[in-house]
Amino acid sequence: MEYVFALVPPVVMAVFFIRLIVTIVKTQGGANKAKEDAAVDAALARAESVRQSPEAGGA
């Protein structure tokens with residue numbers, strides 16, 4: 001019986017890990033993918049414009 005008690009925690013953790021991975025894979029894409037991509041593109045564009053603009057008070 002001790003071997004059963006020794007195997008339960010790793011098995012439970014493996015099941016939860018597999019469910020986490022499945023959930024992550026299922027939520028990728030879908031209806032919000034375009035909205036998320038647009039938000040990332042906007043953030044990258046803002047960062048690029050800040051990087052390219054001259055700094056105020058620069059020498």
Side-chain angles (χ1 to χ4, degrees):
M1 256 344 243
E2 290 181 21
Y3 65 90
V4 173
F5 293 119
L7 291 176
V8 168
V11 170
V12 170
M13 289 182 68
V15 168
F16 281 121
F17 182 71
I18 290 169
R19 288 185 65 184
L20 174 68
I21 298 301
V22 168
T23 303
I24 290 171
V25 169
K26 281 185 178 180
T27 58
Q28 297 299 309
N32 291 328
K33 182 167 177 40
K35 191 166 121 179
E36 292 169 359
D37 289 346
V40 170
D41 289 341
L44 289 174
R46 277 194 306 270
E48 186 68 24
S49 68
V50 167
R51 190 175 70 112
Q52 289 181 355
S53 66
E55 293 184 25

### Query
When rounded to the nearest 0.5 angstrom, what distance separates CZ in Arg46 from CG in Asp41?
11.0 Å
### Spacing of Phe17 atom CZ and Ile21 atom CD1 [to the nearest 0.5 Å]
4.0 Å
### Option from Ile18, Leu20, Val12 for which side-chain contact (heavy atoms from CB on, under 4.5 Å) with Phe16 holds
Val12
